[in-house]
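These numbers come from the heavy atoms of this one structure, side chains and all, not from hydrogens, waters or symmetry mates. Along the sequence shown, residues are numbered consecutively beginning with 1. In listed order, ligands and their atoms are each counted from 1.
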Amino acid sequence: MIRIAIIGAGRIGHVHARAVANHPQAELVLVCDPFEKNAKELSAQYGVKYCLDPQEVFSSPDVDAVIIGSPTRFHVDHILAAVKAGKKVMSEKPIALDLASAKRCVDELGDAADHVMMGFNRRFDPSFAEIHHRVADGEVGDLQQLIVVSRDPAAPPAEYVAGSGGIFKDMTIHDFDTVRFFLGDIAEVTAVGTNVDEAIKAQGDFDQVLVTLKSVDGKLATIVNSRSCAFGYDQRLEAFGADGMLSADNLTETAVRKASGNQTEAKSAVMDFFLDRYEDAYRIELGHFIEAAASGEAVSPSVRDGYAALQLAEAAGLSAKEGRTVAIEANKVPAAV
Ligand SMILES: NC(=O)c1ccc[n+]([C@@H]2O[C@H](COP(=O)([O-])OP(=O)(O)OC[C@H]3O[C@@H](n4cnc5c(N)ncnc54)[C@H](O)[C@@H]3O)[C@@H](O)[C@H]2O)c1
């Protein structure tokens, strides 16, 4: 049994708490959030203790592992302190708001970086994971192009956007990791962005972006992101190869379809947001973390992948700002797993 504490009792803290509570080898023992109302509410749901100061988590002898779901600006400090205290760690994405902090994190961790898991949950989504292993098995021949569509149902609150690091670091970061998962290291990034959301525009951020990437091996990927989508959480993937294509469509709550005089093939609405759409992925992700914690094996994705994805996010930001393709300096990428 691995005793787990969760730091940050917000949206993602609730998702992880549910996964921990349902895992047979895990026990949720502590919830930490400086905002007492949030800490109290989540801890009460599972009948566990709460604290307001993360130091109490790090110094507690009753905690074996820590899941970090605090706002992004705290991730590096929380990761380093937890590892120093001898805890197993999984941190939410992105690793940091800037590449220098991410580099400090990976450098200070040293070999321990291979054991700190990054919450790129989409690698564990059953549909995307199946496409990944079937591509690796050569089912569509040489992979040539990858298309990742990721649209949120609605923009997050203004205060979340303000602390998020912007769309490339907060949202596209998942898709940068997906592209690396399929194509390996990336050589070039080209991005454009625009706004349909005036509140996000006022914060100097984009709410719609398109990114194209070229891998070191010359393979291409396109990422399509929007902070809003009228029909729900639009999450699709297409892997196009020399011998065919593997693709995953949106999931709906049921498989029921409707045909009528003015419609054919209409299904029920797509799952609305990450907690439902990726519930299986968070569960499988946690299972991987727990197995690695028990065996001492390296984790994948690790904070090294967190660094590499953030490098692509910074390149995309620069590309969109300056209207040019940005080359990725391969020698700056720490060995990714
Ligand atoms: N993997 C995913 O699918 C996914 C989804 C959502 C969010 N996230 C990531 O999770 C992190 C949190 O996002 P969220 O949507 O849950 O935000 P949120 O605002 O809903 O929750 C953040 C929580 O952290 C608490 N907090 C503030 N300062 C803290 C501190 N110093 N120490 C500990 N807790 C603190 C807040 O009180 C709040 O309860 C972000 O980094 C975000 O990028 C990942």
Side-chain angles (χ1 to χ4, degrees), residues 5-19 30-45 50-58 63 66-82 89-98 101-102 105 117-125 128 150-178 205 225 227 233 235 271-286 288-289 301 303 305-306 309-310 313:
I6 290 180
I7 300 183
R11 294 185 307 170
I12 200 69
H14 281 255
V15 170
H16 289 306
R18 186 159 63 175
L30 188 57
V31 168
C32 173
D33 196 300
F35 292 87
E36 189 163 11
K37 183 177 163 293
N38 296 1
K40 226 175 179 171
E41 188 191 306
L42 182 58
S43 62
Q45 259 184 47
Y50 73 85
C51 64
L52 309 181
D53 182 353
Q55 293 310 324
E56 281 185 47
V57 172
F58 308 138
V63 171
V66 180
I67 296 177
I68 299 169
S70 49
T72 301
R73 65 186 183 283
F74 300 112
H75 290 177
V76 170
D77 286 347
H78 288 163
I79 291 170
L80 292 174
V89 179
M90 176 164 78
S91 172
E92 263 314 326
K93 46 53 65 176
I95 181 173
L97 289 174
D98 63 275
S101 303
C105 184
M117 190 154 160
M118 204 71 235
F120 287 130
N121 56 291
R122 294 181 196 178
R123 289 196 189 202
F124 301 96
D125 174 71
F128 299 164
S150 175
R151 300 186 177 104
D152 283 355
E159 59 279 11
Y160 178 89
V161 172
S164 71
I167 190 168
F168 294 119
K169 293 178 183 176
D170 183 57
M171 182 173 171
T172 327
I173 198 89
H174 278 295
D175 310 307
F176 289 134
D177 183 66
T178 300
D205 193 7
N225 281 170
R227 281 288 197 188
Y233 193 33
Q235 301 288 295
M271 288 182 170
D272 194 52
F273 211 8
F274 57 88
L275 62 171
D276 297 318
R277 169 62 183 83
Y278 287 120
E279 188 174 6
D280 280 345
Y282 295 118
R283 180 179 51 77
I284 298 166
E285 173 185 69
L286 178 75
H288 179 90
F289 174 59
V303 283
D305 298 289
L310 190 66

For ligand 1, the portion of Asp170 having any non-hydrogen atom under 4.0 Å away:
side chain
Whether Phe74 and His78 hold their rings parallel, tilted or perpendicular, with breakpoints at 30° and 60°
parallel
With atoms numbered from 1 as shown, which atoms in ligand 1 lie under 4.0 angstrom from a non-hydrogen atom of Thr72?
40 (C), 41 (O), 43 (O)
Axial cation check for Tyr160 ring with Arg11, 6.0 Å and 45° limits
yes
Which atoms from ligand 1 have a heavy atom of Ile7 less than 4.0 Å away?
33 (C)
So if I count the atoms of ligand 1 from 1 in the order they appear, which ones are less than 4.0 Å from some heavy atom of Ala9?
39 (O)
What residue and heavy atom of the protein are closest to atom 42 (C) of ligand 1, and at what distance?
Tyr160 OH, 3.3 Å
Any salt bridge linking Asp170 with Lys93? Criterion: basic side-chain nitrogen under 4.0 Å from a carboxylate oxygen.
yes
Would you mind running through ligand 1 and noting each atom that sits below 4.0 Å from a heavy atom of Asn121?
1 (N), 2 (C), 3 (O)
Do we see a donor-acceptor contact under 3.5 Å between the side chains of Asp276 and Tyr233?
no
Distance under 4.0 Å to a non-hydrogen atom of Asn38: what atoms of ligand 1 satisfy this?
37 (O), 38 (C), 39 (O)
Would you mind checking which non-hydrogen protein atom is closest to atom 9 (C) of ligand 1, with the distance to 0.1 Å?
Lys93 O, 3.5 Å
Regarding atom 11 (C) of ligand 1: of the candidates Gly119, Ser70, Pro71, which has the closest heavy atom?
Ser70
What one should report as the nearest heavy-atom pair of Ala96 and Val76 is CB-CG2, 3.7 Å
Could you check atom 7 (C) of ligand 1 against the protein and tell me its nearest heavy-atom contact, residue, atom and distance included?
Ile12 CB, 3.9 Å
May I ask you to list the atoms of ligand 1 that are less than 4.0 angstrom from any heavy atom of His174?
1 (N), 2 (C), 3 (O)
Give a yes or no on this: more than 12 heavy atoms of other residues, nucleotides or ligands lie within 6.0 Å of atom CZ of Phe35.
no
Arg122 near ligand 1, heavy-atom distance under 4.0 Å?
no
Is the backbone N or O of Arg151 less than 3.5 Å from a side-chain atom of Asn225, with the two atoms forming a donor-acceptor pair by type?
no
For ligand 1, find out whether one of its N or O atoms is nearer than 3.5 Å to an N or O atom of Gly69.
no
I'd like to know if Arg122 and Asp175 make a salt bridge, using a cut-off of under 4.0 Å between side-chain N and carboxylate O.
yes
Does some non-hydrogen atom of Pro94 fall short of 4.0 Å from ligand 1?
yes
Can a non-hydrogen atom of His75 be found less than 4.0 Å from any atom of ligand 1?
yes
How close does the nearest protein non-hydrogen atom get to atom 35 (C) of ligand 1, and which residue and atom is it?
Pro34 CD, 3.3 Å
Hey, does Glu159 sit under 4.0 Å from ligand 1 if you only count heavy atoms?
no
Nearest-0.5 Å distance, OH of residue Tyr282 to CD1 of residue Ile67:
12.0 Å
Donor + acceptor pair across side chains of Ser101, Asp98 (<3.5 Å)
yes
Do Arg123 and Glu285 sit within salt-bridge range, that is, some charged N less than 4.0 Å from a carboxylate O?
no
Closest non-hydrogen protein atom to atom 28 (N) of ligand 1, residue and atom name please, with distance?
Phe74 CE1, 3.4 Å
Does the plane of the ring in His174 sit parallel, tilted or perpendicular to the ring in Phe120? Use 30° and 60° as the thresholds.
perpendicular
From Leu42 CG over to Arg18 CZ, what is the distance, rounded to the nearest 0.5 angstrom?
11.5 Å
To which protein heavy atom is atom 44 (C) of ligand 1 closest, and what is the distance rounded to 0.1 Å?
Glu92 OE1, 3.1 Å
Under a 4.0 angstrom heavy-atom cut-off, which atoms of ligand 1 come close to Tyr282?
2 (C), 3 (O)
For atom 37 (O) of ligand 1, what's the nearest protein heavy-atom neighbour? Residue, atom name and distance, please.
Asp33 OD1, 2.7 Å
I need the minimum non-hydrogen distance between Leu310 and Pro94, along with the two atoms involved.
CD1-CB, 4.4 Å
Of all the non-hydrogen atoms in the protein, which one sits nearest to atom 15 (O) of ligand 1, and at what distance?
Arg11 NE, 2.8 Å
Per-atom contacts, ligand 1 versus Gly8 - under 4.0 Å to a heavy atom
24 (O), 34 (N)
